[in-house]
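These notes concern the structure reproduced below.
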Amino acid sequence: MAIPSASERIQAVRWDGKRLSILDQTRLPREEVWLSLTGARDTAEAIARLAVRGAPNIGIAAAYGLAMELSARPSLGALEEGADVLIASRPTAVNLAWAVERVRAAVMSAGPTTISSAARGEAQRIQAAEDAASEALAGFGADLLDGARTVLTHCNTGALATGGRGSALGVCVALAERHEGVKVIACETRPLLQGARLTAWELARLGIPHAVVVDGAAASLLRRGLADAVIVGCDRVAANGDTANKVGTYSHALAARAAGVPFVVAGPTSTIDPSTVDGDAIEIEERGADEVTSFGGVSVAPAGTPVINPAFDVTPAGLVSALVTERGVASPVDGASVAALLAGADAVA
Ligand code: MRU
């Protein structure tokens with residue numbers, strides 16, 4: 001099918017050489033509002049309130065946030081302060097700290113008079129590499145799922161969340177380019193509805209057939225044979241292949257295993273964290289109670305109701321059929337195949 005050309009593609013993070021503009025994702029799908037960011041603090045605030053979101057894109061935004069801070073205040077003090085405030089904005093997606101550390105390393109190896117240009121250059125290299133990674137992994141994923149026509153996904157993993165056209169959703173788009181009849185089932189993704197608000201918005205713009213389902217419907221749809229595969233993104237992949245992703249992902253993995261449906265994780269290698277040994281060591285972000293007890297400003301639970309609101313969960317590697325990255329596909333997913341991906345080797349089984 002004809003998918004919009006590169007120039008028409010969705011891009012949520014734009015750099016004009018001086019300033020970072022982001023498409024405010026808290027306002028979608030109702031309105032398309034662009035925000036102009038100027039430094040580390042406002043970028044960290046935009047990341048924390050999910051105006052810019054998705055593991056790869058918060059890394060890209062953080063890199064530019066630090067670069068803008070250093071353009072305004074080119075000093076090692078500003079580097080440390082800016083890096084700290086950005087890294088603290090969200091804990092689970094490793095791309096954030098990874099990108100900040102890359103900018104910090106580039107600055108430390110630059111001369112004192114080139115601090116800000118070194119930071120800007122590194123941020124641009126990170127964005128270019130993430131764009132390219134997205135393209136490459138979409139191809140590997142579409143090869144892997146070539147026979148699938150209905151694919152179930154969770155959260156938003158498209159161009160709003162990553163460089164290029166996405167991770168898991170990028171695979172769905174590549175599949176739709178190759179074959180007629182590809183359809184995406186998007187789980188709504190409580191509590192903030194990234195699936196209903198954002199994935200459905202992207203798929204509608206791309207003209208790809210889709211349906212939104214409530215998260216609780218996914219297991220029975222899989223059991224009834226109504227999806228050929230599940231594909232999700234990732235926020236941090238531990239060294240042993242355990243994967244943190246948007247809360248609700250683990251339930252889909254269990255349901256997929258019970259139904260005999262492949263459960264695939266897709267993401268750039270910037271999301272693999274070899275220094276985290278396994279899923280138990282991944283810090284899971286706990287978000288505010290109001291995300292659960294109210295919706296659109298309207299209370300949906302009695303005042304003062306206690307809430308547990310983890311933003312992510314961990315799927316053990318043993319439930320993941322394959323991990324798709326820009327360097328190839330790891331299957332089975334375990335410490336050896338993840339290490340091989342990081343070493344750049346082709347780990348396709
Ligand atoms: O909306 P977020 O930033 O809280 O969710 C993170 C994600 O985008 C997802 O977990 C996604 O599946 C992995 S990042 C493409």
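In this chain, residues are counted from 1 in sequence order.
One hydrophobic cluster holds both Leu79 and Ile115 under the rule that ILVMFWY side chains link at heavy-atom gaps under 4.5 Å. Under a hydrophobic-cluster definition in which Ile, Leu, Val, Met, Phe, Trp and Tyr are linked whenever side-chain heavy atoms come within less than 4.5 Å, directly or via other members, Ile60 and Val85 are assigned to the same cluster. No continuous path of ILVMFWY side-chain contacts below 4.5 Å connects Val103 to Val94, so the two sit in separate hydrophobic clusters. Connection of Val333 to Phe263 is established within a shared hydrophobic cluster, with ILVMFWY side chains joined at heavy-atom distances below 4.5 Å, either directly or through further cluster members. Follow the hydrophobic side-chain contacts under 4.5 Å out from Leu342 and you reach Val237 in the same cluster.
Residues Ala119 and Val107 approach most closely at CB-CG2, 3.8 Å, considering heavy atoms. In plain terms, the two heavy atoms of Cys187 and Leu152 that are nearest each other are SG-CD2, 3.8 Å. Here the shortest heavy-atom pairing between Asn309 and Gly288 reads ND2-O, 3.0 Å. Scanning both residues, Ala40 and Gly82, for their nearest heavy atoms gives CB-CA, 3.7 Å. Ala138 approaches Ala174 most closely through the heavy-atom pair O-CB, 3.7 Å.
For the 3.5 Å distance criterion, the side chains of Thr162 and Glu130 fail to qualify, holding no donor opposite an acceptor. In the model, Thr38 has a side-chain atom that pairs as donor or acceptor with a side-chain atom of Asp42 under 3.5 Å. Side-chain atoms of Glu202 and Asn156 form a donor-acceptor pair, as typed in the model, at a separation below 3.5 Å. For the residue pair Thr243 / Asn245, no side-chain donor-acceptor distance below 3.5 Å is found, with atom types taken as modelled.
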message = Walk me through whether Asp235 and Thr92 qualify under side chain to side chain donor-acceptor pair (under 3.5 Å).
response = CA-CA 7 Å; Asp235 292 85; Thr92 302; over 6 Å; no
task = Mind running salt bridge (charged side-chain N to carboxylate O under 4.0 Å, His left out) on Arg73 and Glu81 for me, showing each step along the way?
result = CA-CA 11 Å; Arg73 298 191 297 140; Glu81 279 170 37; 3.2 Å; yes
ask   = Does the pair Asp146 and His179 meet the rule for a side chain to side chain donor-acceptor pair (under 3.5 Å), with working shown?
value = CA-CA 9 Å; Asp146 195 59; His179 302 290; 2.8 Å; yes
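Side-chain N or O atoms of Ser337 include none that pairs as donor or acceptor with a backbone N or O of Gly335 at under 3.5 Å. Panel note: side chain Thr276, backbone Asp278; no donor-acceptor pair is recorded below 3.5 Å. The backbone N or O of Ile10 sits nowhere less than 3.5 Å from a side-chain atom of Arg205 that would complete a donor-acceptor pair. Using a distance-only test at 3.5 Å, with no hydrogens or angles considered, a donor-acceptor pair links the side chain of Asn57 to the main chain of Leu160. When atom types are taken as modelled, the side chain of Arg197 and the backbone of Gln25 share a donor-acceptor pair closer than 3.5 angstrom. A donor-acceptor pair under 3.5 Å links the side-chain atoms of Thr153 to the main chain of Ile231, judged by distance alone. At least one donor-acceptor pair closer than 3.5 Å links the side chain of Thr189 to the backbone N or O of Cys155. No donor-acceptor distance shorter than 3.5 angstrom exists from the side chain of Thr293 to the backbone of Ala301, with no hydrogens or angles considered. The backbone N or O of Ile208 sits less than 3.5 Å from a side-chain atom of His210, completing a donor-acceptor pair. For Ser270 (side chain) and Asn95 (main-chain N/O), no donor-acceptor pair under 3.5 Å exists by modelled atom type.
Ion pairing between a basic and an acidic side chain is recognised when a charged N comes within 4.0 Å of a carboxylate O; Asp273 and Arg236 show such pairing. Taking 4.0 Å as the cut-off between side-chain N and carboxylate O, Arg287 and Glu285 count as a salt-bridged pair. Between Arg165 and Glu135 there is a salt bridge, since at least one side-chain N of the basic residue sits less than 4.0 Å from a carboxylate O of the acidic one. Looking at Glu69 and Arg41, no side-chain N of the basic residue comes within less than 4.0 Å of a carboxylate O on the acidic one, giving no salt bridge. Asp24 and Arg49 are joined by a salt bridge, as a carboxylate oxygen and a charged side-chain nitrogen come within less than 4.0 angstrom of each other. A salt bridge links Glu122 with Arg125: the distance from a Lys NZ or Arg NE/NH1/NH2 to an Asp or Glu carboxylate oxygen falls below 4.0 Å.
Contact of the Pro268 side chain with the Thr271 side chain is registered, since non-hydrogen atoms from C-beta on lie closer than 4.5 Å. Here the side chains of Phe295 and Arg190 are in contact, with some heavy-atom distance below 4.5 Å. Between Ile284 and Asp313 there is no side-chain heavy-atom pair separated by less than 4.5 Å. Under the 4.5 Å side-chain criterion, counting only non-hydrogen atoms from C-beta, Thr315 is not in contact with Asp242. Two residues are said to be in side-chain contact when any heavy atoms from C-beta on lie closer than 4.5 Å; Leu37 and Ile22 meet this criterion.
Within 6.0 Å of atom CZ in Arg223, 12 or fewer heavy atoms from other residues, nucleotides or ligands are found, so the atom counts as exposed in its surroundings.
Ring geometry for Tyr64 against Trp15 counts as parallel: the plane angle stays under 30°, on a 0 to 90° scale with 60° as the upper cut.
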